[in-house]
Enquirer: 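Handing you this structure, nothing more for now.
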Amino acid sequence: MILEHGGFYVPPLSLTLAWTSTSPSAEAEAFAHAFPRFWILDSGFWIALHDRLLFQSAVIRRMHRMGRPAFLLALLLRVCASEDAVDALCGGLRVYVHRLPPPEWHAHEQGSFRDIGDHQLAQNRSTERGEGQESVVQEDLSLFGFPCTHFDPLTKMSCETLHYLGMGKPFKLRKLAAFEGFQFFATHQFAMQVFAVRYVLNHCATEEVGDAQLFLVPLPLEMIQRERQMMGKDTARTEAYMAKVKHHLSRHPAWRQRHGRDHLLVVSETLFMYRDNTRRSRLSGYTNADPFWESVAIWSIEGPRHDRVMNLPYLTFFHPKSDEEIAMWIHEVQKLPRERKVVLLAHERPQRRGLIEACRRSELCDRYEPYVGLDDMEPYEAVVTRYLRYTFALHPAGDTPTRRGFFDSIICGTIPIIFWTPEPTPLAGQVVDRTYEKCYGRVFQSFPGWLERVAFIASSESDALRIVKEASDLEIEEKQRNMREFLPRVLYWDTRWKAESTEARHDLATQNPFAEALREMKLHPFVGKRYGNETDQL
């Protein structure tokens, strides 16, 4: 699109330069008033910054001392470089974030879920603690209409996930002095929607429908479920709210231009939970097969390999703010002494009993209950500390084939051992189309052969213990080297971080899961094809 005003054309680029031989005319002044981001620096030079102002005034003053031609060239180069960096974080896509209507059960006026970040910052008090500011939930704070002090423990858990703008309660690795300078977070594994909204608003958002190529629908499925749970059998309010959301979207110009085909919905839990007639679908009023959403792309932490779906890795504990922080983490992890054994951090379930018993009998295996404190450690602190101690980690299936611990162990430099057989088995997961390779193959396709390069794949309990015993030092070193290279692709960056707000390098940020997903969506957008079978259905 090209904007026209008074005979001047302004292409939708980040920087526009124009030259006149005289002082600004009345016409030019009117143009500058109509487009407030169009700057008149002095007689003859106009600069328009359309989407982002990437410079502090001190930087502009310093550049201006270079002289007018040098200043303009430096400014042009700086803007282009910054714009390239931001585009790399967003796959070249500008994203419009819908403001959905608030539900009737709001306890406070706080806007839509789109504004959750600004709302939290405004209503949380901040106290200096260590290196950062801790967001502390107040007694009167509500989360999408639910008081954080409500008796429902699930609701309170949801409020607690919003500490540090979705990252969760901070913790330190107190038993490992090498990591004293790091800040980690007990991030809830189903908090992806908050991360996605924050990421888009920080880096990719546009307020103009005509400038957007992608449209994010911040539908708070978890909060709708909470309302339904609190109301018992009365579904009227949640059904009315979902109907209101659909009505709002169907009348919105962004939706009407392609009937939702260029829209994105974030399902923070596994898509398996939102099939027809599941408890989650009944509570929320949302199902994957709902005809209203059939053209909408989906981000989830687990689902089938499907044109509509982009499965992203689970959220973990480490959310960097710079390349240097990642490099420091890798350096310290690489230096750690490790036991040449395997750790099994898994709750007891019927399909895991054989593995737990095999681990108990083997001197090469140690098993712990996950998320149970060790000495005076916090639960997630204990998980990370244990992974950092071992060379290998076992990852059997749970309700579905994948689990967060797989990604925790990769970040900790602990080689994952997963289970796979050609036919469905309880240990590997009954839904074969949602195993690691098929589930995450799309988002990790820039790292060919990713699964075999970072993990060992076992066919049974005895095969897993055989791998631990027989893996050579060369094989172990190769896996660990591959994990270090792969690491940026599983790291979700600090939700407070903005690329233009720091001089620190962030080249590795362009490999984060959201950036990879946006690039893939631009290259291979969903075109409306519907397909599936009994095991590959949404």
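The figures that follow rest on heavy atoms only: side chains count, while hydrogens, waters and symmetry mates do not.
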Enquirer: In Å, rounded to the nearest 0.5 Å, how long is the span from OG of Ser284 to CG of Leu221?
Expert: 5.0 Å

Enquirer: Would you mind reporting whether Tyr274 and Thr287 have side-chain heavy atoms less than 4.5 Å apart?
Expert: no

Enquirer: Would you check if the distance from the ring center of Phe444 to the ring center of Phe486 is below 6.0 Å?
Expert: yes

Enquirer: What distance separates Glu477 CD from Ile415 CD1, expressed to the nearest 0.5 Å?
Expert: 10.0 Å

Enquirer: Would the distance check show the side chain of Arg367 and the main-chain N or O of Ala346 forming a donor-acceptor pair, the cut-off being under 3.5 Å?
Expert: yes

Enquirer: Are Tyr440 and Tyr314 an aromatic pair, judged by ring center distance below 6.0 Å?
Expert: no

Enquirer: Ion pair present between Arg308 and Glu294, side-chain N to carboxylate O less than 4.0 angstrom?
Expert: no

Enquirer: Going by side chain to side chain contact (heavy atoms under 4.5 Å, CB included), Arg389 matches just one of Asp366, Leu336, Thr414, Val343. Which one?
Expert: Asp366

Enquirer: Is any side-chain N of the basic residue among Lys172 and Glu381 closer than 4.0 Å to the acidic one's carboxylate O?
Expert: no

Enquirer: Side chains of Ile298 and Leu264, heavy atoms from C-beta outward: is any pair under 4.5 Å?
Expert: no

Enquirer: First locate atom NE2 of His203, then atom CG of Leu93, and finally report the distance between them rounded to the nearest 0.5 Å.
Expert: 14.5 Å

Enquirer: Taking the side chain as C-beta and beyond, is there a heavy-atom pair between Ile301 and Leu312 under 4.5 Å?
Expert: no

Enquirer: Keeping Arg353 on the side-chain end and Glu348 on the backbone end, is there a donor-acceptor pair under 3.5 Å?
Expert: no

Enquirer: If we only count heavy atoms from C-beta on, is the Val296 to Val217 side-chain gap below 4.5 Å?
Expert: no

Enquirer: Quick check: does any side chain N or O of Glu269 sit under 3.5 Å from a backbone N or O of Phe190, one acting as donor and the other as acceptor?
Expert: no

Enquirer: Between Ser268 and Gln193, is the side-chain hydrogen bond (donor to acceptor under 3.5 Å, both in side chains) condition met? List the steps.
Expert: CA-CA 6 Å; Ser268 295; Gln193 188 173 65; 5.2 Å; no

Enquirer: Do the side chains of Met483 and Arg453 get nearer than 4.5 Å, heavy atoms only?
Expert: no

Enquirer: Which donor-acceptor pairs under 3.5 Å do side chains of residues 516-525 form with protein atoms, sequence neighbours excluded?
Expert:
residue	atom	partner	partner atom	Å
Glu516	OE1	Ser446	OG	3.4
Glu516	OE2	Ser446	OG	3.3
Arg519	NH1	Ala88	O	2.7
Arg519	NH1	Thr510	O	3.1
Arg519	NH2	Thr510	O	2.4
Glu520	OE1	Gln445	NE2	2.3
Glu520	OE1	His524	ND1	3.1
Glu520	OE2	Arg442	NE	3.0
Glu520	OE2	Gln445	NE2	3.3
Glu520	OE2	His524	ND1	3.1

Enquirer: On the ring face of Tyr390, is Arg338 found with NZ or CZ under 6.0 Å from the centre and within 45° of the axis?
Expert: no

Enquirer: Can a salt bridge be assigned to the pair Glu475 and Lys479 using a cut-off of 4.0 Å between side-chain N and carboxylate O?
Expert: no

Enquirer: Evaluate side-chain contact (heavy atoms from CB on, under 4.5 Å) for Tyr286 paired with Ser281, printing each intermediate quantity in order.
Expert: CA-CA 5 Å; Tyr286 165 83; Ser281 65; over 6 Å; no

Enquirer: If only atom types and distance count, is the side chain of Asp408 paired as donor or acceptor with the main-chain N or O of Thr316 below 3.5 Å?
Expert: no

Enquirer: To the nearest 0.5 Å, what is the distance between CD on Glu357 and OG on Ser362?
Expert: 11.5 Å

Enquirer: Report yes or no: does Asn202 contribute a side-chain atom to a donor-acceptor pair with the main-chain N or O of Thr495 at less than 3.5 Å?
Expert: yes

Enquirer: Donor-acceptor pair, distance only, cut-off 3.5 Å: does the side chain of Arg489 make one with the backbone of Asn512?
Expert: no

Enquirer: Specify whether Trp329 and Phe318 have parallel, tilted or perpendicular ring planes, treating 30° as the upper limit for parallel and 60° as the lower limit for perpendicular.
Expert: tilted

Enquirer: Looking at Glu332 and Ala178, what are the two nearest heavy atoms and their distance?
Expert: OE1-CB, 3.4 Å

Enquirer: Quick one: does any side-chain atom of Thr187 pair with a main-chain N or O of Met167 as donor and acceptor, under 3.5 Å?
Expert: yes

Enquirer: With no hydrogens and no angle check, is any side-chain donor or acceptor of Ser460 less than 3.5 Å from a backbone partner on Asp463?
Expert: yes

Enquirer: Backbone N or O of Ser459 within a donor-acceptor pair of the Thr421 side chain at under 3.5 Å?
Expert: no

Enquirer: Report yes or no: does Asp494 contribute a side-chain atom to a donor-acceptor pair with the main-chain N or O of Lys321 at less than 3.5 Å?
Expert: no

Enquirer: Is any side-chain heavy atom of Tyr368 closer than 4.5 Å to a side-chain heavy atom of Val383?
Expert: no

Enquirer: Could you pull out the closest heavy-atom pair between Gln351 and Ala397, with the gap in Å?
Expert: NE2-O, 3.8 Å

Enquirer: Relative to each other, are the rings of Phe184 and Phe182 parallel, tilted or perpendicular (30° and 60° limits)?
Expert: parallel

Enquirer: Can you tell me how the ring of Phe317 sits relative to the ring of Tyr380, calling it parallel under 30°, perpendicular over 60° and tilted otherwise?
Expert: perpendicular

Enquirer: Please confirm whether Trp493 and Phe514 have ring centers closer than 6.0 angstrom.
Expert: no

Enquirer: For Val443 versus Pro513, what's the shortest heavy-atom pair and its separation?
Expert: CG2-O, 4.0 Å

Enquirer: Sequence neighbours left out, what passes ring-ring contact (aromatic ring centres under 6.0 Å, His included) with Phe195? Give chain and number order.
Expert: His319

Enquirer: Please tell me if the side chains of Glu302 and Pro401 come closer than 4.5 Å, counting only heavy atoms from C-beta onward.
Expert: yes

Enquirer: Evaluate the criterion side-chain contact (heavy atoms from CB on, under 4.5 Å) for residue pair Tyr387 and Leu345; output intermediate values, then yes/no.
Expert: CA-CA 9 Å; Tyr387 277 132; Leu345 282 165; 3.6 Å; yes

Enquirer: Taking the side chain as every heavy atom from C-beta outward, state whether Met242 and Leu219 have any atom pair closer than 4.5 Å.
Expert: yes

